[in-house]
2 protein chains.
Amino acid sequence: MKFKGKEDPNIDESFDLIDEGLRKKATIVIFACCKVIYEGRAISQLDFGERIILIKPDGSFLIHQDKKVDPVNWQPPKSRSRVLIRNEKLFLESFRRTPREHLEVEIRKIHFLNYALIEDYQELEIAGYEKDLGDLIIDKPHLIEEGFKPTNREYSTEHGFIDILGNDKEGNLMVLELKSRKIGVNAVKQIRRYLSDFEDEKNSYLKDLGVEKKKIRGLLVAPKIDEDAKEMIEEEGIEFVSLEPPKELKRDKLVTLDSF
Amino acid sequence: MKFKGKEDPNIDESFDLIDEGLRKKATIVIFACCKVIYEGRAISQLDFGERIILIKPDGSFLIHQDKKVDPVNWQPPKSRSRVLIRNEKLFLESFRRTPREHLEVEIRKIHFLNYALIEDYQELEIAGYEKDLGDLIIDKPHLIEEGFKPTNREYSTEHGFIDILGNDKEGNLMVLELKSRKIGVNAVKQIRRYLSDFEDEKNSYLKDLGVEKKKIRGLLVAPKIDEDAKEMIEEEGIEFVSLEPPKELKRDKLVTLDSF
DNA sequence: ATTTCCATTTCGCTT
DNA sequence: AAGCGAAGTGGAAAT
């Protein structure tokens, strides 16, 4: 692995180092006073100020201020970056087609400039959201209720995808809507639309599934439900099952963190 | 402004520099081989690899891999960071209350470590999205059609907020749904729900607005509309007006960028 | 503090 | 390439 850095480079040194970094597909970090103009899906302008510029080998281009998680300006992966000197001033540019987007960074002064040839093939293992909740239910249907049998996942309807379809032990159709965090009013409206599809006689979903003249039960599954949503479902006979998405990684070597 | 940087610091130098940077509320950039564990809204683990760590004075804590715009792990502003040595290993930690979130970074090797005392008060000026489109229509209603008069903005209904309400020159009610980019099928469904509200006799919106026994016109306003949405609106008598959000900054000194 | 909705959302997955 | 939905969404404005 190769690292290279320079403090207070002059304009020519800056140009050479950045150019070298770009050609080598290095990850480049620059501490600089710069001004930024963006034109693309929107248009923006940011006057001179001290910022961090991060250029990644996949073409991503980020400019970070001293606040917030999100970059103030950026370009997505596969953008093409270049460095140039115009009127004795140093510029960075990043360009993207489809949609056409352009970022121009005028650099007044570079304080630090580093680049490194890194390749990070490690992938983040993450758990604890909707997909994991769905996996859990498919794996252990009894967590919903004794005798529950899932039949379809991501079942497509006119109004969107139903997270899980299944039957209870009496053969009634069950429509499950999952949320990893909290059931709100919108989730109730959503499942209500799915249910109205099925309740519509003209609709053929029931026949498709070989389920006729049975009840249709709507279930919302999430760790919590908010008060408004709770009132709504009580009026409409929709059920709620409290279930946490499993916060477990697949290769589970994770040690519980000490309290801070 | 104060900058400080070190190449290949040993563990004690690293600790001192980071600790100093944190105390001074500096912006810290670290090029390091590290392993990351997160526990909070979800839970995640990332094995050792070469990454960029960025700690901002507002408490934001970002870990970037060599790909993508988004950090692989992060903590939001107001998180509390600290550096520590445990079993002769260097760790960074970041903690947040409400919701409770914790990030632990084990550092195997630091290649570069920089910090800088920067304060960037420049704010991004941006234009070209939905709000600008709404401003434009309120300012120049004739862009929708001759005689159009907006009456309400962000008008609240059971199904959400209608972007703009108004009347045409015959006094018919007009329901406008704006998009800064492209009308898709979802936007049509949305305006359809608003319209069904108004068309329902039991509904009192019309009386509230003093508009009775008039037509109700649904308009989608955006730069473009996709093919599916176009077919839908033709069947349902919803109209489409093509309008670009104004891509103009308020203090407009912006020079058009040269082509790349 | 909580809710709601927009975003140059980004990102991953499916068609 | 385009569309769809989730996200540790983030962030701002309103309540």
Side-chain angles (χ1 to χ4, degrees), chain A residues 36-44 58 60-63 67-77 79 94 96-103 123-124 126-134 154 156 159-163 177-182 184-187 190 226-229 245 247, chain B residues 36-44 58 60-63 67-79 94 96-103 123-124 126-134 154 156 160-161 163 178-182 184-187 189-190 224 226-229 245 247:
Chain A
V36 188
I37 289 172
Y38 162 77
E39 269 188 9
R41 284 170 287 180
I43 166 176
S44 78
D58 70 346
S60 309
F61 191 122
L62 318 181
I63 298 166
K67 301 168 195 72
K68 304 286 146 78
V69 169
D70 287 347
V72 62
N73 282 111
W74 73 96
Q75 290 277 81
S79 303
S94 171
R96 177 200 195 189
R97 272 199 165 74
T98 62
R100 201 174 182 81
E101 292 184 292
H102 188 117
L103 197 62
E123 279 187 25
L124 185 70
I126 190 161
Y129 48 98
E130 191 176 307
K131 187 182 170 306
D132 300 286
L133 185 56
E154 298 297 316
S156 175
H159 288 107
F161 288 84
I162 294 174
D163 291 326
E177 171 68 25
L178 315 185
K179 290 284 168 220
S180 64
R181 305 266 292 146
K182 189 160 54 165
V185 170
N186 283 342
Q190 195 171 346
D226 76 30
E227 207 45 53
D228 292 350
K247 291 190 179 179
Chain B
V36 188
I37 290 172
Y38 161 77
E39 269 191 358
R41 285 171 287 178
I43 165 176
S44 78
D58 71 344
S60 308
F61 190 122
L62 319 182
I63 298 165
K67 301 169 195 73
K68 304 285 144 81
V69 169
D70 287 347
V72 61
N73 281 111
W74 72 95
Q75 290 278 80
K78 291 183 187 164
S79 303
S94 171
R96 177 199 194 189
R97 273 200 164 73
T98 64
R100 200 174 182 83
E101 293 184 291
H102 188 118
L103 197 62
E123 279 186 27
L124 185 72
I126 189 162
Y129 47 99
E130 192 177 307
K131 187 183 172 304
D132 300 286
L133 184 57
E154 299 296 316
S156 176
F161 287 84
D163 291 326
L178 316 185
K179 290 284 169 223
S180 62
R181 304 267 295 147
K182 188 160 55 165
V185 170
N186 284 342
K189 288 180 185 167
Q190 194 170 347
K224 292 186 213 162
D226 75 31
E227 208 45 53
D228 292 350
K247 291 189 180 180

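Each chain gets a letter, A, B and so on, in the order the sequences are listed, and its residues count up from 1.
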Heavy atoms of other groups near B/Lys189 NZ, more than 12 under 6.0 Å: yes
Residues which pass salt bridge (Lys or Arg N to Asp or Glu O under 4.0 Å) with A/Lys131, listed by chain and number, not counting sequence neighbours: A/Asp135
Residues forming a salt bridge (Lys or Arg N to Asp or Glu O under 4.0 Å) with A/Lys179, sequence neighbours excluded: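 With neighbours one apart ignored, the set is A/Glu177.
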Runs of at least three Watson-Crick or G-U pairs with DNA chain C, cut-off 3.5 Å: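 DNA chain C stems, ordered by first number: C:1-7 with D:9-15, C:9-15 with D:1-7.
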Spacing between [X] atom [atom1] and [N] atom [atom2], to the nearest angstrom:
X: A/Lys182; N: D/dA7; atom1: NZ; atom2: C1'; value: 17 Å
X: A/Asp132; N: D/dA6; atom1: CG; atom2: C1'; value: 12 Å
X: A/Lys247; N: D/dA7; atom1: NZ; atom2: C1'; value: 14 Å
X: A/Leu178; N: D/dG5; atom1: CG; atom2: C1'; value: 13 Å

Contact pattern, 5' to 3', of nucleotides 6-15 of chain C - B, S or - by protein heavy atom under 4.0 Å: SSBSSSS---
P-based separation of C/dC11 from D/dG11 [nearest Å]: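 Approximately 15 Å lies between the P atom of D/dG11 and that of C/dC11.
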Set of residues satisfying side-chain contact (heavy atoms from CB on, under 4.5 Å) with respect to B/Asp132, sequence neighbours excluded: B/Ala127, B/Tyr129, B/Pro246
Residue list, side-chain contact (heavy atoms from CB on, under 4.5 Å) with B/Arg41, at least two apart or on another chain: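 Partners of B/Arg41 by the side-chain contact (heavy atoms from CB on, under 4.5 Å) criterion, ordered by chain and then number, come out as A/Arg181, B/Tyr38, B/Trp74, B/Arg96, B/Pro99, B/Glu101.
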B/Leu103 side chain near B/Asn73 side chain, heavy-atom distance below 4.5 Å: yes
Check against side chain to side chain contact (heavy atoms under 4.5 Å, CB included), B/Asp163 and B/Leu133: CA-CA 10 Å; B/Asp163 291 326; B/Leu133 184 57; over 6 Å; no
Over all atoms of both residues, closest heavy-atom pair of A/Leu178 and A/Glu130: O-OE1, 3.3 Å
